[in-house]
Amino acid sequence: MPTVHTKPFDDQQPGTSGLRKRVIRFQEPHYLENFVQAIFSSLPGREGETLVLGGDGRFHNDVAVQTILKMAAANGFGHVIVGQDGILSTPAVSHLIRLRETFGGIILSASHNPGGPEGDFGIKFNGTNGGPAPEAVADAFFAASRAITSYEIADAEDVDLSQTGTSKIGRMVVEVVDPVADYAALMEELFDFGAIRALFNGGFRFTFDAMHAVTGSYAKEIFERRLGAPKGTVINGTPKPDFGGGHPDPNPVHAHVIYKAAMKVDGPDLAAASDGDGDRNLIVGRQCPVTPSDSLAVIAANAHLVPGYEEGLIGVARSMPTSAALDRVAEAKGFAAYETPTGWKYFGNLLDAGWISLCGEESAGTGSDHVREKDGLWAVLMWLNILAVRKESVAAIMAHHFATYGRNYYARHDYEGIDAEGATNLMEALRKKLPTLAGQETPAGTIQVADEFAYFDPIDETTSEGQGLRILFGDSSRIVYRLSGTGTVGATLRVYIERYVGTDDDLEMNVSDALTHLVDLSKTLASIERHTGRNTPDVIA
Ligand code: VG1
Ligand code: CO
């Protein structure tokens, strides 16, 4: 098995969700190989073990899969389970790792980032629980990447991945599997497919945008074939290496076709979408967009109506910037609620320990203990199942939810592609100012606490520092600042703005009206314009 000599790259530090770079960076000689070897070298006990491998089908997926197969063989793995054509959604990888009880898996994706030769690529390792490598393990990958001098790769022909079946590279078995079958079977176990089928038979109108990304084949199988939704329910359902030139990001801007359709008086009852790798979701009822934070809260409040969750939830968790709408449900229903840093890797320990059964993030990620990743189609099926049982519109369910728990008005302002130094300076200046802010009167109310969020993991007792700057007000309003850890160019500043109003207050305000004072303050408090040259965000989510 040939050993190839190499030199370290200095930028292979995993971010919020694995290593993400421009495709051109990944195409540089040894770049992918170095990082894959850094992963393998950091994992003791891999000899003879099984790995799951697949990606979202974006440009470079096919090349990277072949390289990783040859490296797995040379690094002593005994068996690799790979999706047909190298394709597997992120939740499907997580499920396969758990179902087949493997050592772990590798996911090739840059999620919602654009694809194609000019776009982004990414790689992520998930451990034996099916979840993203925890922070300490990701740090070990980075350390190994800094010290690397060589990597191992088998001298072998490319494997034919176009048909299911098994073949070998040296002594290692390569098993090509149908990417959809096991995942679809899991969904049938969790949800009442009969009730959802009846919903569709009764004339319920549903549209799903796969955004030319990985969920196309999953969505057609599940919604159109198994649940009997009319053909054409799934749009943009053929995965393309460049996602048809679009951003596979399920938000009102990039999924505007279904979003606009749903906002019409005679629009579909439910419109939904997922992202590049199938772990995010967008939910829009007729003339009723649902924010991801509210969707998480509604799912928590109604999960007992769904067979897989009928015994009730044990506990729930949300990432810190996600609105506290979930906490209101937890409090009322008497289950525990946890607050973790941004990124799915922090939910893994709580899920594994059985402390929580449901979790989510404001960035359109929702999931449960069925896998160890967020899961876009799962979230859509949750809504369909809840709608099938409650026999009400999305708008009626939302109105009822707010009337019961109050409403967390919420927006995220993204300042994208800003100068990295300006972004660091902004955060540094605000960090310094934090101790002076408590007690300050502002047009948005009195600041009660200003701090930097750190997370103590109650299971493995590690602490993660520097997870976002928080400005908290007495009435539960807040402004949170953090820098994105998934971008590939410059820096992205995310500002999360939230205001809670109780059940006797105005629950039907326009969101931007409800947040005006907080939005203005978010700009002045951090001197956003001075540090970034921008006064308005590029994206409001
Ligand atoms: C973003 C989101 C975060 C999410 C991450 C990965 O990270 O804010 O909530 O977990 O993307 O999602 P950041 O660091 O850019 O804010 V995905 O769909 O890329 O796997
Ligand atoms: Co994703």
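- D369 CG to D352 CG: the interatomic distance, rounded to the nearest 0.5 Å, is 10.0 Å.
- Closest non-hydrogen pair, A255 versus A273, comes out as CB-CB, 4.2 Å.
- Side-chain contact check for R470 and Y481: no donor-acceptor pair (N or O, by modelled atom type) lies under 3.5 Å.
- A salt bridge links D158 and K70; the closest N-O separation between the charged side-chain nitrogens and carboxylate oxygens is under 4.0 Å.
- Side chain of T532 to main chain of I418: no donor-acceptor pair is present (N/O by atom type, distance under 3.5 Å, no hydrogens or angles).
- Contact of the F243 side chain with the M211 side chain is not registered, since no non-hydrogen atoms from C-beta on lie closer than 4.5 Å.
- When all heavy atoms of I169 and A156 are compared, the pair lying nearest together is CG2-CB, 3.8 Å.
- Among all heavy-atom pairs drawn from G278 and P91, the shortest one is O-CG, 3.4 Å.
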Tell me which donor-acceptor pairs under 3.5 Å the side chains of residues 110-127 have, and how far apart each pair is, sequence neighbours excluded?
unit_1	atom_1	unit_2	atom_2	d
S111	OG	D275	OD2	2.7
S111	OG	D277	OD1	3.1
H112	ND1	R280	NH2	3.4
N113	ND2	D120	OD2	3.0
N113	ND2	T486	O	3.4
D120	OD1	T488	OG1	3.0
D120	OD2	T488	OG1	3.1
K124	NZ	E373	OE1	3.3
K124	NZ	E373	OE2	2.6
N126	ND2	G130	O	3.0
N126	ND2	E373	OE2	2.7

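- Side chains of V495 and I479 form a contact here, defined as non-hydrogen atoms less than 4.5 Å apart.
- With values rounded to the nearest 0.5 angstrom, N281 atom CG is found 9.0 Å from L377 atom CG.
- For the residue pair D294/S323, the side-chain donor-acceptor check at 3.5 Å is not satisfied.
- Proximity of a side-chain donor or acceptor of N251 to a complementary backbone N or O of V253 within less than 3.5 Å is detected.
- Salt bridge annotation for D242-K240: absent, with no cationic side-chain nitrogen under 4.0 angstrom from a carboxylate oxygen.
- Judged purely by distance below 3.5 Å, without hydrogens or angles, the side chains of N425 and H531 never pair a donor atom with an acceptor atom.
- Side chain of T322 to backbone of S319: a donor-acceptor contact under 3.5 angstrom is found.
- By the 4.5 Å heavy-atom criterion applied to side chains, L483 and T492 are not counted as neighbours.
- A salt bridge links E362 with R412: the distance from a Lys NZ or Arg NE/NH1/NH2 to an Asp or Glu carboxylate oxygen falls below 4.0 Å.
- S464 OG to K345 NZ: the interatomic distance, rounded to the nearest 0.5 Å, is 8.5 Å.
- Taking CG of D209 as the start and NE2 of H212 as the end, the distance is 7.5 Å to the nearest 0.5 Å.
- In this structure, V174 and M172 have side chains that are in contact, with non-hydrogen atoms separated by less than 4.5 Å.
- Using bins of under 30°, 30° to 60° and over 60° for the plane-to-plane angle, the ring pair H413/Y415 lands in the tilted bin.
- For the pair M71 and F77, the minimum side-chain heavy-atom distance is 4.5 Å or more.
- In this structure, CD1 on I87 lies 5.5 Å from CG on N61, to the nearest 0.5 angstrom.
- Residue pairs meeting the side-chain hydrogen bond (donor to acceptor under 3.5 Å, both in side chains) criterion with at least one partner in residues 72-89, sequence neighbours excluded, are Q37-N75, R46-N75, H79-E175.
- Identified under the ring-ring contact (aromatic ring centres under 6.0 Å, His included) test for residues 142-177, with sequence neighbours left out: H30-Y151.
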Evaluation steps, ring-ring contact (aromatic ring centres under 6.0 Å, His included), between F35 and F26:
CA-CA 10 Å; F35 190 68; F26 270 104; 7.8 Å; no
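- Within the 4.5 Å cutoff, side-chain heavy atoms of L282 are placed close to those of I258.
- Residues D375 and H370 bring a donor and an acceptor atom of their side chains to less than 3.5 Å of each other.
- Looking only at side-chain heavy atoms (C-beta outward), L161 and V82 come within less than 4.5 Å of each other.
- Closest of all the heavy-atom pairs between M320 and Q467 is CE-O, 3.3 Å.
- Between Y455 and Y346, the ring planes lie perpendicular to each other; the angle is over 60°, past the 30° to 60° tilted range.
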Candidate pair R318 and E361, rule salt bridge (charged side-chain N to carboxylate O under 4.0 Å, His left out), full reasoning
CA-CA 6 Å; R318 61 169 171 84; E361 298 191 273; over 6 Å; no
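- Between Y218 and Y183, the two ring planes are perpendicular [angle over 60°; tilted spans 30° to 60°].
- Nearest heavy-atom pair across D457 and I459 is OD1-N, 2.7 Å.
- Rounding to the nearest 0.5 Å places CG of L434 at 5.5 Å from CD1 of I471.
- Side-chain contact check for N34 and T6: at least one donor-acceptor pair (N or O, by modelled atom type) lies under 3.5 Å.
- Put simply, the side chain of K374 never gets that close to the backbone of W344: no donor and acceptor are under 3.5 Å apart.
- Here the side chain of K433 pairs a donor or acceptor atom with the backbone of L525 at under 3.5 angstrom.
- A side-chain donor-acceptor contact under 3.5 Å links T67 to the backbone of V63.
- W383 and S295 are linked by a side-chain donor-acceptor pair at a separation below 3.5 angstrom, with hydrogens and angles left out of the test.
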Evaluate D11 against R25 for salt bridge (charged side-chain N to carboxylate O under 4.0 Å, His left out), listing each step before the verdict.
CA-CA 10 Å; D11 65 347; R25 186 73 169 143; 2.9 Å; yes
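- Between I528 and L493, some side-chain heavy-atom pair lies under the 4.5 Å cut-off.
- More than 12 non-hydrogen atoms from other residues, nucleotides or ligands lie less than 6.0 angstrom from CD of E428.
- When all heavy atoms of T128 and I97 are compared, the closest pair comes out as O-CG2, 3.7 Å.
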